[in-house]
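Accompanying notes for the structure given below.
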Amino acid sequence: MKLSSLNIKKIDLSNIDQNYAGQDILMKIGELYQYESGIYGSGHLWTKLERIVENIIIEELDKVGCIQVDFPKLQPKKVWEQSGRWDLYTKQNDIMFTLNNNFGEYGLAPTAEECATIFAANRLLSYKNLPAIYYQISEKFRKEIRTRGYLFRPRTFVMMDAYSFDKNEEDMNKTYQLMHHAYLNIFKRLGISIIPTVSDNGTMGGKVSEEFQAITNLGEDTVLYDNEKNIGINKEVLSFENRDEYLKQLGINDISCLKEYQSVELGNNFQLGTQYSTSMGLFYKDETGKEKPYYMGCYGIGLGRIIATIIENNVIKENESVKGFSLPINIAPYKIQIVYKEDKKEFAEKLYQDLNKHGISAIIDDRIDYSLGSRIKDCYVLGTPYIAIIGNQSDGVMIEVEETKTGKKFSKTIEEIIELVSP
RNA sequence: CGGAAAGUGGCUCAACUUGGUAGAGCAUCUGGUUUGGGACCAGAGGGUUGCAGGUUCAAAUCCUGUCUUUCCGACCA
């Protein structure tokens with residue numbers, strides 16, 4: 001990509017939001033735009049990141065046999081009435097945006113259990129069709145009472161939501177475990193330290209659920225983690241009435257060996273049981289031709305939160321002041337940014353072409369009237385992991401490469417650069 | 001929804017206490033000198049001070065209302 005086409009704004013890093021520096025940088029350079037509280041437009045970098053994160057999620061879910069589909073964002077009222085949740089979502093909890101016009105009444109999808117169950121029941125007619133897991137990656141809409149932290153808690157956001165259908169509780173449990181491990185693989189590939197925790201309604205109604213909490217110093221939640229036993233709990237569990245019994249169930253006898261972490265919830269999985277199947281009157285036929293309810297699970301991952309977490313966890317500072325951020329090489333939309341002095345333009349363009357030929361996405365800073373120094377500074381606000389600096393010292397063979405995360409510099413040939421940034 | 005703070009050119013802020021022609025830095029545009037860690041000189045454009053009402057000869061400034069944004073809390077498949 002030619003940097004001139006991105007039209008980023010020049011910014012002053014001395015006034016950056018210290019709590020959410022990475023996202024504030026993107027706002028200030030124009031790569032994120034807030035229309036109103038909780039409603040954002042994303043620029044090129046964010047959108048590219050979304051596709052990359054999305055692909056990792058798709059690959060890992062496909063590996064365990066999930067099927068990607070797409071459910072409507074504009075959901076008819078009757079669909080929600082079929083499960084009896086219309087009033088719950090529009091009155092008691094008032095979380096769903098609604099539309100009412102001469103076509104009828106609708107809700108903007110905050111989630112999709114109803115649509116998924118209807119979709120599934122139309123084709124999973126027999127026990128022979130089970131199990132099945134359908135997932136989608138799409139925008140969700142929620143009337144968050146209080147938005148927070150830019151893309152950490154907005155009112156519209158992109159989420160992966162999956163819905164599983166099984167014959168019985170035992171199979172549902174297996175599917176749940178399958179998804180648990182798929183999630184761990186996803187977060188591992190994203191380079192995010194994750195703690196699976198049992199969440200608050202794990203004790204209620206016989207339901208099982210877990211949260212996937214990412215360790216970050218700007219989280220909304222506090223988790224307690226037992227390193228040895230590899231068990232995590234949300235700190236809110238400690239305020240439960242039945243906490244002792246609850247902790248005992250998990251095998252936690254001594255709270256003092258739990259370490260406390262600030263975290264943000266990136267994923268949330270639930271065993272739903274037969275709740276939706278029964279309430280909506282949608283069944284499959286078993287071996288004897290009898291109608292049986294589906295045992296369901298639902299699984300969510302917030303993509304915006306993942307991206308925000310990666311960006312904020314990779315903010316780089318110099319002498320306590322924010323310098324920018326540096327994305328992990330396997331996540332970065334652009335692996336290396338080429339900056340050059342005007343009289344070395346030819347060599348810089350050759351490097352850019354060579355990288356392109358090898359399928360390596362690079363940025364070339366082709367803007368005119370920028371000093372080499374200011375061009376280098378802009379690499380940090382775009383999160384590019386490496387900078388290729390072609391200046392006075394350039395001899396046309398060796399290229400000075402800087403790792404933005406550490407500031408370390410190397411001298412490399414084009415071939416070595418290709419190897420360095422290749423996955 | 002309870003509590004708190006803030007709204008002044010694109011951005012960060014000043015002027016408000018004590019009412020009297022709305023300023024600076026950055027950014028943008030033009031010309032010139034620059035170009036290895038966010039350069040310099042000269043010039044230019046850009047604001048009905050969130051909105052509405054009130055007090056006053058006169059309101060960014062005082063009063064009332066309202067809207068918006070942010071933060072804390074509550075809430076959160």
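Atom set for the values below is all heavy atoms of this structure, side chains included, hydrogens, waters and symmetry mates excluded. Each chain gets a letter, A, B and so on, in the order its sequence line appears, and its residues count up from 1.
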Problem - Nearest-Å distance for atom pair NZ/P, residues Lys10(A) and G37(B) - result: 15 Å

Handout entry: C1' gap between U55(B) and G65(B), integer Å
Key = 15 Å

Handout entry: Ser37(A) side chain near U70(B) phosphate (N/O to OP1/OP2, under 4.0 Å)
Key = yes

Exercise for the section: Take atom NZ of Lys2(A) as the centre, draw a 6.0 Å sphere, and report whether it contains more than 12 heavy atoms from other residues, nucleotides or ligands. Expected result: no

Handout entry: G53(B) to C67(B) separation - C1' atoms, rounded to the nearest Å
Key = 14 Å

Fill in the blank from the handout: Applying side chain to side chain donor-acceptor pair (under 3.5 Å) to Gln136(A) and not counting sequence neighbours gives Ser138(A), Asp161(A)

Exercise for the section: Please list, chain by chain and in numerical order, all residues satisfying salt bridge (Lys or Arg N to Asp or Glu O under 4.0 Å) with Asp17(A), sequence neighbours excluded. Expected result: none

Handout entry: Integer-rounded Å distance: G37(B) C1' and Glu403(A) CD
Key = 18 Å

Completion exercise
Note: for Glu36(A) and Tyr380(A) on RNA chain B, the residue whose nearest nucleotide lies more 5' is Tyr380(A)

Exercise for the section: Grab the CD1-C1' distance between Ile368(A) and A39(B) for me, whole Å please. Expected result: 17 Å

Problem - Ile11(A) CD1 - G25(B) C1' separation (whole Å) - result: 16 Å

Exercise for the section: Indicate, with a heavy-atom threshold strictly under 4.0 Å, whether Gly149(A) touches base, sugar-phosphate, or nothing. Expected result: sugar-phosphate

Practice task
Let me know the distance between CZ of Arg367(A) and P of U28(B), rounded to the nearest Å.
Solution key: 10 Å

Handout entry: Enclosure of Glu419(A) CD (heavy-atom neighbours >12, cutoff 6.0 Å)
Key = no

Handout entry: With Asp87(A) via salt bridge (Lys or Arg N to Asp or Glu O under 4.0 Å) - residues at least two apart
Key = Lys91(A)

Practice task
Kindly write out the residues that satisfy side chain to side chain contact (heavy atoms under 4.5 Å, CB included) with Leu420(A), not counting sequence neighbours, or none if the list is empty.
Solution key: Tyr386(A), Val401(A), Lys412(A)

Handout entry: B/S/- contact track for nucleotides 30-36 of chain B, protein heavy atom under 4.0 Å
Key = ----BBB

Practice task
Run the numbers on Phe141(A) and Phe97(A) for ring-ring contact (aromatic ring centres under 6.0 Å, His included), then give the verdict.
Solution key: CA-CA 7 Å; Phe141(A) 308 85; Phe97(A) 288 102; 7.1 Å; no

Problem - Student check: side-chain heavy atoms of Lys48(A) and Arg51(A) closer than 4.5 Å - result: no

Handout entry: Heavy-atom closest contact (Tyr294(A) atom, Ala120(A) atom, distance)
Key = OH-O, 4.4 Å

Completion exercise
A correct dot-bracket answer for RNA chain B, with pairs being Watson-Crick or G-U at under 3.5 Å, [ ] for crossing pairs and | for inter-strand pairs, is (((((((..((((......[..)))).((((((.....)))))).....(((((..]....))))))))))))....

Practice task
Could you work out the separation of C40(B) and U35(B) based on their P atoms and round it to a whole Å?
Solution key: 14 Å

Practice task
Take atom C1' in U18(B) and the same atom in A60(B), then report the distance between them in whole Å.
Solution key: 15 Å

Exercise for the section: Check the distance between U70(B)'s C1' and Gln23(A)'s CD and give it to me in whole angstrom. Expected result: 14 Å

Handout entry: G46(B) versus C63(B) - spacing of their P atoms, nearest Å
Key = 33 Å

Exercise for the section: Using a 4.0 Å heavy-atom cut-off across all strands, classify Asn19(A) as base, sugar-phosphate, or nothing. Expected result: nothing

Problem - Arg85(A) or Lys323(A), whichever maps to the more 5' nucleotide of RNA chain B - result: Lys323(A)

Problem - N or O in side chain of Arg146(A) less than 4.0 angstrom from U70(B) OP1/OP2 - result: no

Exercise for the section: Using the test side chain to side chain donor-acceptor pair (under 3.5 Å), find all partners of Glu59(A) that sit at least two apart in sequence or belong to another chain. Expected result: Arg189(A)

Handout entry: For RNA chain B, the residues among residues 72-80 of chain A that have a non-hydrogen atom under 4.0 Å from it
Key = none

Practice task
Go through the structure and list residues passing salt bridge (Lys or Arg N to Asp or Glu O under 4.0 Å) with Glu342(A), not counting sequence neighbours.
Solution key: Arg375(A)

Exercise for the section: Quote, to the nearest angstrom, the C1' distance that separates C62(B) from G10(B). Expected result: 31 Å

Practice task
Considering only atom P, compute the distance from G7(B) to C13(B) and round it to an integer number of Å.
Solution key: 9 Å

Exercise for the section: With sequence neighbours left out, write down each residue that passes side chain to side chain contact (heavy atoms under 4.5 Å, CB included) with Lys292(A), or none if nothing qualifies. Expected result: Tyr284(A), Asp286(A)

Handout entry: Gln353(A): side chain to side chain contact (heavy atoms under 4.5 Å, CB included) partners, not counting sequence neighbours
Key = Asn356(A)

Practice task
Name the nucleic acid region contacted by Tyr276(A), choosing base, sugar-phosphate or nothing; use a 4.0 angstrom heavy-atom cut-off, strictly under.
Solution key: base

Practice task
Could you tell me whether Glu318(A) contacts a base, only the sugar-phosphate backbone, or nothing, with contacts defined as non-hydrogen atoms closer than 4.0 Å?
Solution key: nothing

Fill in the blank from the handout: Contacts of Asp366(A) meeting salt bridge (Lys or Arg N to Asp or Glu O under 4.0 Å) (sequence neighbours excluded), chain-then-number -> none

Exercise for the section: Spell out yes or no: do the side chain of Asp378(A) and the base of G38(B) have one donor N/O and one acceptor N/O closer than 3.5 Å? Expected result: yes

Handout entry: Span that lies between the C1' atom of G25(B) and that of U68(B), in whole angstrom
Key = 27 Å

Practice task
Report the distance from atom CD1 of Ile16(A) to atom P of C26(B), rounded to the nearest whole Å.
Solution key: 18 Å

Practice task
Figure out the CD/P separation between Glu31(A) and G10(B), and round it to whole Å.
Solution key: 21 Å

